[in-house]
There are 2 protein chains.
Amino acid sequence: MSISSRFAVGIHILSLLEINKDKVNTSEFIASSVNTNPAVIRKITGMLKNAGLVKVRPGVAGASLAKELTHITLLDVYKAVNVVQDKELFGMHENPNPDCLVGRNIQKAIDPIFSAAELALEKALGTVTIADVVKDILEKEKSMS
Amino acid sequence: MSISSRFAVGIHILSLLEINKDKVNTSEFIASSVNTNPAVIRKITGMLKNAGLVKVRPGVAGASLAKELTHITLLDVYKAVNVVQDKELFGMHENPNPDCLVGRNIQKAIDPIFSAAELALEKALGTVTIADVVKDILEKEKSMS
DNA sequence: TTACTTGTAACAGAAATGATTACATGTAAT
DNA sequence: ATTACATGTAATCATTTCTGTTACAAGTAA
């Protein structure tokens, strides 16, 4: 089981919008870079738009960043594309037996632990910005020559 | 999307084995506490056994802990029940376009970031032991009276 | 031999993902 | 206003994963 690739695609889109900002980034063009269907891109771009990360307008070709590179963290993207509902990274078995000491207390015992782990994950994502990713992409490109 | 509840169930099983260690913990009994099917319990218990966390024998009723409480971390359980393949917590879109600057570098750029986040998650799980969970369960029980 | 348990495989329904198609809606240029 | 083209969105489909369920072989002890 993996967290939906929407997250990775979201990062891809935002990086592309920056690196290719002088041209018109249609869903079709972005789709060709990601290697998927334009409708998939439009859906994800819509989510990024709702989160205030991207500017797009119906009927008008092209998307662009709505915020500064350095002010968009991967956590923002993660939250934007809804890959994990809040406090639900870890699935919990429902209805453990209330007649059992363990059954009636396990959820309350585990919950804060799962929350802490989830928070650690999000904190890690919050320290990286799209600017970092873009920089890295350009560096990897250089080092290929 | 959530990580399989096998993880939570695994924690439940191990806690139960400790708290109920004076009795015989058959898959049927455990299943009644978790509120699921015995076959599900046997499958998960089998995984915990393979990881050296639990003792079970074919034909002989009951399971028990194979290690000390304080030496079983939630990370051990997490790894044991195979809810997430190593380095695959975050799904990645396959085959981005190699003819695109972003497409051909995005994976290498994102990979270490995803790994770091995954590591942060695992580190958080590594700091908690089954002993902590058991203690918490007993405390929650007390505070209910 | 009997009674019971674990180990496993097979199968089914439910939910999520990603791709695809289709089309309504919106915009701008002619 | 008409035309050309892009976005927004819903519907559908194949695939995968999960959880539960059933069934049964194999192991153990009385």
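A quick note: this is a predicted structure, and the numbers were derived from the prediction, not measured.
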N or O in side chain of [X] less than 4.0 angstrom from [N] OP1/OP2:
X	N	result
A/Ser27	D/dA6	no
A/Thr26	D/dA6	no
B/Thr36	D/dG20	yes

**Report entry** Residues A/Asn20 and A/Asn25: side-chain donor-acceptor under 3.5 angstrom
**Finding:**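 Yes, side-chain donor-acceptor contact under 3.5 Å.
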Using a heavy-atom cut-off of 4.0 Å across all strands, would you classify [X] as base, sugar-phosphate, or nothing?
X	result
B/Thr45	nothing
B/Gly91	nothing
A/Val40	base
A/Ala61	sugar-phosphate

Query raised in the report: Is atom CD of A/Glu139 surrounded by more than 12 heavy atoms (other residues, nucleotides or ligands) closer than 6.0 Å?
Result: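 Count over threshold, so yes.
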Query raised in the report: With a cut-off of 6.0 Å (strictly less than), are more than 12 heavy atoms of other residues, nucleotides or ligands near NZ of A/Lys108?
Result: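 For A/Lys108, atom NZ is crowded (more than 12 foreign heavy atoms under 6.0 Å).
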Query raised in the report: Among the nucleotides D/dT28, D/dT22, C/dA28, which one has an atom lying closest to any side-chain atom of A/Val60?
Result: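 That would be C/dA28.
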Query raised in the report: To the side chain of B/Ser4, which of C/dA19, D/dT9, D/dC18 is closest?
Result: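 My answer, after comparing the listed nucleotides, is D/dC18.
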Can you tell me the distance, in whole Å, between the [atom1] atom of [X] and the [atom2] atom of [N]?
X	N	atom1	atom2	answer
B/Asn35	D/dT21	CG	C1'	14 Å
B/Met1	C/dT17	CE	P	7 Å
A/His93	D/dC18	NE2	C1'	15 Å
A/Lys49	D/dT9	NZ	P	8 Å
B/Met92	C/dT17	CE	P	18 Å
A/Ile44	C/dT17	CD1	C1'	11 Å
A/Glu28	D/dG8	CD	P	15 Å
B/Ile30	C/dT6	CD1	P	8 Å

Query raised in the report: Salt bridge check: are A/Asp86 and A/Lys79 linked by an N-O gap of less than 4.0 Å?
Result: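 So A/Asp86 pairs with A/Lys79 through a salt bridge.
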Report task. Please tell me which of A/Asn82 and A/Arg42 maps to the more 5' nucleotide of DNA chain C, matching each residue to the nucleotide holding its nearest heavy atom. Result ->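 On the 5' side of the pair lies A/Asn82.
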Query raised in the report: Quick one: on DNA chain C, does B/Arg57 or A/Ser5 contact a more 5' nucleotide (nearest heavy atom)?
Result: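 On the 5' side of the pair lies B/Arg57.
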**Report entry** Whichever of B/Pro38 and B/Val83 has its nearest DNA chain D nucleotide further upstream toward 5'
**Finding:**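 Its nearest nucleotide lies further toward 5', so the answer is B/Val83.
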Query raised in the report: Would you call the rings of B/Phe90 and A/Phe7 parallel, tilted or perpendicular if under 30° counts as parallel and over 60° as perpendicular?
Result: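 Judged by the thresholds at 30° and 60°, the geometry between B/Phe90 and A/Phe7 is tilted.
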